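A short write-up of the structure that comes next.
Throughout, protein chains are lettered first and strands after them, A, B, ... in sequence-line order, and every chain is numbered starting at 1. All figures in this text were calculated on a predicted structure; none of them were measured in a lab.
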Amino acid sequence: MARKLINNPNDLVNELIEGYILFNSSKVKRLGDLNVIIRADLPVKDKVGIVIGGGSGHEPLFLEYVGKGIADAAVHGQIFAAPSPDLTYNAIKAVDSGRGVILLYNNYAGDVLNFNIAQEMAADEGINVQTVLINDEISSAPKERMEDRRGTTADHLLFKIAGAASGEDMDMDSLVRLLRKAVYNSRSLGVSLSACSLPQTGFATFTLEDGKMEFGMGLHGEAGVKKVDLMSADDTAKTILDYIIDDLPFKKDDEVLVVVNGYGSTTRMEMFIVTRKIYSYLNGKGISIYSAEVGEFCTSQEMAGVSITLMKLDAEIKKYYGCPV
Amino acid sequence: MARKLINNPNDLVNELIEGYILFNSSKVKRLGDLNVIIRADLPVKDKVGIVIGGGSGHEPLFLEYVGKGIADAAVHGQIFAAPSPDLTYNAIKAVDSGRGVILLYNNYAGDVLNFNIAQEMAADEGINVQTVLINDEISSAPKERMEDRRGTTADHLLFKIAGAASGEDMDMDSLVRLLRKAVYNSRSLGVSLSACSLPQTGFATFTLEDGKMEFGMGLHGEAGVKKVDLMSADDTAKTILDYIIDDLPFKKDDEVLVVVNGYGSTTRMEMFIVTRKIYSYLNGKGISIYSAEVGEFCTSQEMAGVSITLMKLDAEIKKYYGCPV
Amino acid sequence: MKNYLDLEDFKKIIFRINENVEKNIEYLSKLDSVIGDGDHGITISSGFRSTVEKISEKDFTSISEFLKFVGNNFMLTIGGTTGPIFGYLFSEMGKTAEGLNEKISPDDLCLMFTNSLNKIMKIGGAKPGDKTMIDALYPAINSLKESISQKLSLKNSLYLMAEAAKKGAELTKEMIAIKGRARYLGERSLGYQDAGATSTYIIISAFFEILNDQQ
Amino acid sequence: MKNYLDLEDFKKIIFRINENVEKNIEYLSKLDSVIGDGDHGITISSGFRSTVEKISEKDFTSISEFLKFVGNNFMLTIGGTTGPIFGYLFSEMGKTAEGLNEKISPDDLCLMFTNSLNKIMKIGGAKPGDKTMIDALYPAINSLKESISQKLSLKNSLYLMAEAAKKGAELTKEMIAIKGRARYLGERSLGYQDAGATSTYIIISAFFEILNDQQ
Ligand SMILES: Nc1ncnc2c1ncn2[C@@H]1O[C@H](COP(=O)(O)OP(=O)(O)O)[C@@H](O)[C@H]1O
Ligand SMILES: Nc1ncnc2c1ncn2[C@@H]1O[C@H](COP(=O)(O)OP(=O)(O)O)[C@@H](O)[C@H]1O
Ligand SMILES: [Mg+2]
Ligand SMILES: [Mg+2]
Ligand SMILES: [Mg+2]
Ligand SMILES: [Mg+2]
């Protein structure tokens with residue numbers, strides 16, 4: 001049973017937000033007492049608004065992606081649960097400057113249901129709201145049913161690109177087109193080495209026997225697509241990359257962004273060992289890395305494991321992603 | 001038994017460094033095939049060199065603190081083991097520009113022994129090498145024997161201050177004085193909620209029964225100073241702060257830097273819940289937070305828990321620490 | 001013997017659902033944790049808890065107004081999948097009740113449930129057999145239709161309806177999940193009962209219990 | 001009966017230590033893991049492994065040169081506490097051997113060990129009773145002195161010396177750690193044997209084993 005440093009389990013999301021806002025009060029503020037985090041300098045005049053969000057428990061998603069140059073607002077559901085429509089509706093209203101708002105979020109059934117209701121509510125008031133769904137996780141459905149795939153770590157890249165592009169006076173239609181292209185160019189797959197628990201209860205949401213690992217594990221503890229004996233870091237990286245490269249497919253001379261994401265308890269040492277293999281393997285395939293990011297971007301409590309994301313670049317995406325880190 | 005994403009357990013440190021260097025090749029390079037990471041733009045003319053280091057397994061310590069504006073070189077021992085003198089000796093030689101080198105590291109017996117040997121070797125060649133020991137962890141010895149205390153998360157602040165000050169043409173004696181003052185002004189204490197394992201073997205280095213937590217746990221799995229029933233996040237923060245405040249002591253109207261550090265598997269949600277209490281508690285004591293940093297700075301594999309560090313500021317330290325983040 | 005449900009009955013039903021869900025939080029979360037993310041008990045119970053708090057402080061003049069309030073509160077404030085799915089269950093019943101009188105007959109009730117089912121299938125895209133709450137709701141409505149055609153009393157009809165929901169929920173064990181999080185499991189979802197279907201059984205049971213209490 | 005150790009003996013001793021340490025990696029790490037960080041077996045074995053590799057490729061003309069090489073290799077390349085502490089053990093023996101001839105007598109050996117002990121106490125700051133490797137080394141040296149005064153053979157002296165080291169290591173169970181990582185445990189270190197003291201016993205045993213093999 002996982003032990004967590006918390007107070008009343010019912011206050012988790014509220015206290016997360018309170019703590020984050022205290023820590024970051026020059027950059028962000030809270031919308032009333034809702035689980036909605038907005039830029040401190042809202043409303044930003046004459047800019048398409050970017051609202052992101054989803055279930056809590058995946059920190060730094062989503063609240064840490066709000067600020068100048070990134071998203072304008074993040075709505076937080078309870079742990080692993082889609083945020084209710086009233087939050088998103090209020091976020092849309094706070095963010096809209098007349099040029100419309102993009103809802104940019106991960107393609108989970110619960111999220112889609114709830115965001116759609118909010119979108120309708122806002123549309124009823126004449127606000128132009130468009131949706132861009134993130135569906136980078138390749139194990140969640142075959143390529144023929146890409147619209148059923150869920151979203152994961154591509155978030156990190158998309159939020160940055162959306163923030164940069166919307167900050168440069170791009171209009172709604174161009175933005176939606178750019179973001180859909182960037183989503184399409186993104187593919188992720190991960191591997192889990194241990195279970196994660198619900199912080200409210202401490203109970204693991206699944207079990208993984210000693211010496212096993214699971215490919216395609218969900219961020220919420222949904223079991224993955226195949227369970228195998230624990231593999232080396234190199235073989236793991238290679239296996240994940242083979243699936244990803246094959247899926248888009250990524251080709252020789254493609255230029256890519258790479259994200260190496262830790263799910264929770266995986267150490268940076270392990271992440272860099274995986275990163276090492278990614279560099280040599282992509283290099284061998286003639287795929288060049290424009291920039292890589294290594295860290296925890298899309299977590300699942302104390303789950304051990306990593307996911308790898310590749311995003312194929314073109315001049316436009318590159319411009320808004322910015323310089324190599 | 002903890003499962004890790006690694007290759008041959010004997011290659012851990014080597015592959016960590018290889019991966020990090022590939023990822024960060026514009027900023028850092030490796031010194032020969034040694035476990036030494038140096039700034040890519042060495043030698044830097046006319047600057048006191050800063051060499052940091054210690055055992056591996058605490059990433060981002062130490063290698064991620066090398067670069068322009070931070071340390072000039074980091075030496076890495078094996079997992080949890082002090083780096084051997086030849087590494088430090090070579091790092092000193094690579095870094096020295098004639099104005100001398102400061103060895104800035106945590107006060108562990110093994111580290112002191114090994115760094116001292118290296119210092120002697122370099123001194124024999126006429127290089128002016130000074131040592132500044134970091135000993136912020138208050139549970140490791142009573143205040144009367146402060147020189148026996150070990151070093152932990154104050155590293156994060158000290159490396160930044162050392163990098164900034166040494167980059168601004170400060171001379172050796174002033175630098176040593178500044179860093180000793182900053183060390184003296186720093187106090188840390190942590191709490192562990194689970195054990196950590198040695199990545200080579202997967203074995204836990206200690207056990208912590210369900211529902212218990214331990215104050216003052218060592219970064220290497222050394223057992224802590226007192227074991228108690230699991231406390232709430234708020235009570236934990238308050239208990240740690242009471243010990244820390246009492247130790248310097250920190251007083252009303254003091255201005256401080258705060259570091260909230262996760263040991264490994266603790267989520268950012270938990271860290272922000274703790275951060276929330278730190279803000280309100282210090283506020284109640286009239287101690288003002290100049291800036292806080294929340295993240296993983298000084299880890300211990302997949303151990304769960306957090307440590308809190310306060311550093312009392314004055315104008316000089318503030319100048320080199322930089323602006324609030 | 002009373003053969004209708006009035007506003008007071010509907011209120012009692014919601015309170016009873018809340019009590020019964022509360023007793024089953026761990027069970028529901030456990031069902032969800034085998035094939036979902038383990039939060040169903042927490043989410044749905046918090047939905048009914050907040051609903052009960054709010055309706056206690058408010059006066060309602062019609063069944064329609066009441067059920068729409070219950071549904072909207074669920075839908076707007078709970079989130080997750082549970083929020084919209086179970087929210088629409090009540091709000092569509094409320095919408096349907098707009099045209100009806102304040103004594104809901106078995107036929108009325110059947111229409112209300114049917115409209116909810118259709119709405120849920122439309123917004124969620126799931127069909128019977130996909131291993132969702134629909135697999136409890138759909139056979140329950142069929143049972144109600146059957147009871148009406150046989151002219152059974154409302155009480156007996158509701159008893160059989162609850163039994164049908166229970167059986168439907170149990171049969172989800174033999175289904176492969178197509179919608180919801182469990183779908184990522186494919187065949188591995190076989191053998192486990194769907195959490196939402198189980199809640200649906202608990203909800204429908206409360207209709208029977210309230211009528212049974214009065215007689 | 002041979003009553004001295006020559007260069008070949010010292011080489012054999014180092015090889016034997018390496019073999020015996022290799023067999024005890026897990027045991028030593030386990031001892032260290034209860035009250036330290038669990039790496040002692042790994043660290044000390046990697047030290048002897050690298051030393052043995054290097055001395056196999058090199059010619060030595062004197063015991064002093066050989067032991068200084070062993071000690072420096074340990075000290076410079078291993079790191080941890082083990083590197084310097086056990087490095088100085090050998091390098092100080094080598095330094096002492098500089099003034100002696102190539103047939104090390106019991107008296108010579110006693111002087112060599114004593115100088116090492118003093119150096120280790122100086123650089124590490126630990127004393128007998130602090131629950132370190134000194135608690136095996138110190139009684140072992142005392143036993144050697146005693147054997148010399150009783151004019152025992154080198155072989156018998158080394159046997160008793162190893163026994164004294166073993167007993168010293170065992171007695172660390174009853175000590176509270178003052179130096180090294182285990183010191184943070186205070187009284188909680190009681191009941192556990194010190195890892196470094198155990199290695200010291202293994203090292204000293206190899207001296208006896210090599211002489212015993214020859215006779
Ligand atoms: N598309 C859908 N249509 C109808 N019911 C659904 C659908 N998707 C999921 N459900 C129901 O919702 C339940 C899951 O609820 P819950 O655990 O609260 O949601 P979440 O998936 O957000 O964790 C499932 O057990 C299933 O009965
Ligand atoms: N100051 C000291 N003097 C002598 N021996 C020491 C001292 N500190 C530690 N030791 C010995 O070193 C051993 C620990 O070695 P090791 O685990 O390799 O070091 P580390 O503490 O770096 O993990 C202890 O068991 C103890 O015998
Ligand atoms: Mg959920
Ligand atoms: Mg060690
Ligand atoms: Mg669920
Ligand atoms: Mg050790």
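Chain C forms more heavy-atom pairs under 4.5 Å with one residue of A:Thr88, A:Leu113, A:Asn116, A:Asn10 than with any other, namely A:Leu113.
Other residues, nucleotides and ligands contribute over 12 non-hydrogen atoms within 6.0 Å of the CD atom of C:Glu102. In A:Tyr243, the OH atom is not crowded: 12 or fewer heavy atoms of neighbouring residues, nucleotides or ligands sit closer than 6.0 Å. Counted within 6.0 Å of NZ on C:Lys103, heavy atoms from surrounding residues, nucleotides or ligands total 12 or fewer; the atom is thus considered open. The number of heavy-atom neighbours closer than 6.0 Å to NZ of C:Lys95, taken from other residues, nucleotides and ligands shown, is 12 or below. For A:Phe297, the CZ atom sits in a packed shell: over 12 heavy atoms of surrounding residues, nucleotides or ligands are nearer than 6.0 Å. In this structure, C:Lys30 places its NZ atom where only 12 or fewer heavy-atom neighbours from other residues, nucleotides or ligands lie under 6.0 Å away. Annotation: A:Asp124, atom CG; neighbour count of heavy atoms from other residues, nucleotides and ligands within 6.0 Å is above 12.
Remark: A:Tyr89 OH to C:Leu76 CG distance equals 10.5 Å, nearest 0.5 Å. Summarising the geometry, atom CZ belonging to A:Phe80 is positioned 11.5 Å from atom CG belonging to C:Asp32; distances are rounded to the nearest 0.5 Å.
At a threshold of 4.5 Å between non-hydrogen side-chain atoms, the residues A:Gln78 and C:Thr43 do not count as touching. Looking at C:Ile42 and A:Gln200, their side chains come closer than 4.5 Å, going by heavy atoms from C-beta outward.
With a 4.5 Å cut-off on non-hydrogen atoms, C:Tyr88 touches chain A through its side chain but not through its backbone. With a threshold of 4.5 angstrom between heavy atoms, C:Ile78 approaches chain A through N, CA, C or O but not through any side-chain atom.
Shown here for C:Thr81 and A:Gly110, the closest heavy-atom pair between the two residues is OG1-CA, 3.8 Å. Closest heavy-atom contact between C:Gly79 and A:Ser84: N-CB, 3.4 Å.
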Worked check of side chain to side chain contact (heavy atoms under 4.5 Å, CB included) between C:Thr77 and A:Asp86: CA-CA 6 Å; C:Thr77 59; A:Asp86 64 328; 4.1 Å; yes
